[in-house]
There are 2 protein chains.
Amino acid sequence: MTYGGYSNQIVVDQRFVLHISDSLDPAAAAPLLCAGITTYSPLRHWQVGPGDKVGIVGLGGLGHMAVKFTRAFGAHVVLFTTSANKTEDAKRLGAHEVVVSKDADAMGKHRASFDFILNTVAASHNLDAYTALLKRDGTLCLVGVPDHAHPSPAVGNLIFKRRSIAGSLIGGLKETQEMLDFCAQHQITADIEIIPIQQINEAYERMLKSDVKYRFVIDLASLKGDTDR
Amino acid sequence: MTYGGYSNQIVVDQRFVLHISDSLDPAAAAPLLCAGITTYSPLRHWQVGPGDKVGIVGLGGLGHMAVKFTRAFGAHVVLFTTSANKTEDAKRLGAHEVVVSKDADAMGKHRASFDFILNTVAASHNLDAYTALLKRDGTLCLVGVPDHAHPSPAVGNLIFKRRSIAGSLIGGLKETQEMLDFCAQHQITADIEIIPIQQINEAYERMLKSDVKYRFVIDLASLKGDTDR
């Protein structure tokens, strides 16, 4: 019988152990191991930095980390969202500009101006609205897999300006450690809400409604209380 | 009144003039200005060279130039075609291997092994068959715009192995001159069939049926004969 992630102790090869700085709140650091590295890795791979104009699509668990990292890397950060009411929070998290993606005029003003756009939205949507915003040689990188396929992207948008649509999947151990060290240096963690394990079903329902800013973290000490009941 | 491309003489700014080596047959060099640079440019941009495994999809006007260039750049060349009867010609033009893309077993053997695939097919088709053949960080580059959209590419194929789908459009004057010089150095031209202008309608019909190896070139001297009639 094994307890997996619910264990109190575990024996593991040192090559699979990561170091999290004492300077980071352990609860707020937990989502770095998924939402953190999933956004850090493509931003690093496509060498986002000072002088770049970078778009982040969606302000959820992944999107809010992407905004923090992109700002910390020194790029100009534009957050795309369908919800105008996320504007204030996006700016607090580090976005220089917020564009409501349903507003065609606002989108049109950014035409052919982005070096890189990281798209964290998993729901099926029209990618052409974003490829059209890329400069020559720009990349739209997807980190979400839609339940239903996105509408087929317009090939003309790729051929003109030699644009790319790419994907990226989490990151390796070496890069995850690099990310954790970067987070310690820049005091970056996720914005979280801590719940006891007893509220997991309610939290799951809220997550489905995007009612979380921006990740739930389960306090596993509460698991013991549950067993005791 | 202007004669455009049918002129005998033209005054043009020297910045828009290209030099074609006397060592190249002018008729066989003519398609280099379109099919040549359209395939040369992406192969150079994605730095195809020795040690790379490169796929070319389709053996038409663009595809046959792509095979010649990729071979000249020192890469391992695999030609994908729906027509098994193109195998011999593809090898004559420089392909090391030919894969009939309708053969799922043959395609499966090349899974996750390509650095770069240049897709010259403009007809709508399933791109997933090719993205699945790319290595980590590999790119599928499209140079044809389909009349009807391709089926929407699977995002999972991009996320796993961080693959990209890109596009490329012809090339600038500087790169076109570089391409022409490369062609002179390596004695590369298009495989052509010369027709008099009087056969243009028949040639157009044959082109629609892919019955040309691999570009028609019109002998404009025949235009004078036409005018005299």
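Residue numbering restarts at 1 for every chain, and letters A, B, ... go by the order of the sequence lines. These figures come from a predicted structure and were not determined experimentally.
Scanning residues 28-46 of chain A against chain B with a 4.5 Å non-hydrogen threshold yields A:Ser41, A:His45, A:Trp46, sorted by number. Listed in order of number, the residues of residues 153-190 of chain B that approach chain A to under 4.5 Å between heavy atoms are B:Pro153, B:Val155, B:Leu158, B:Ile159, B:Phe160, B:Arg162, B:Arg163, B:Ser164, B:Ile165, B:Ala166, B:Gly167, B:Ser168, B:Leu169.
Ranked by heavy-atom pairs under 4.5 Å with chain B, the list A:Thr131, A:Leu142, A:Leu140 is led by A:Leu142.
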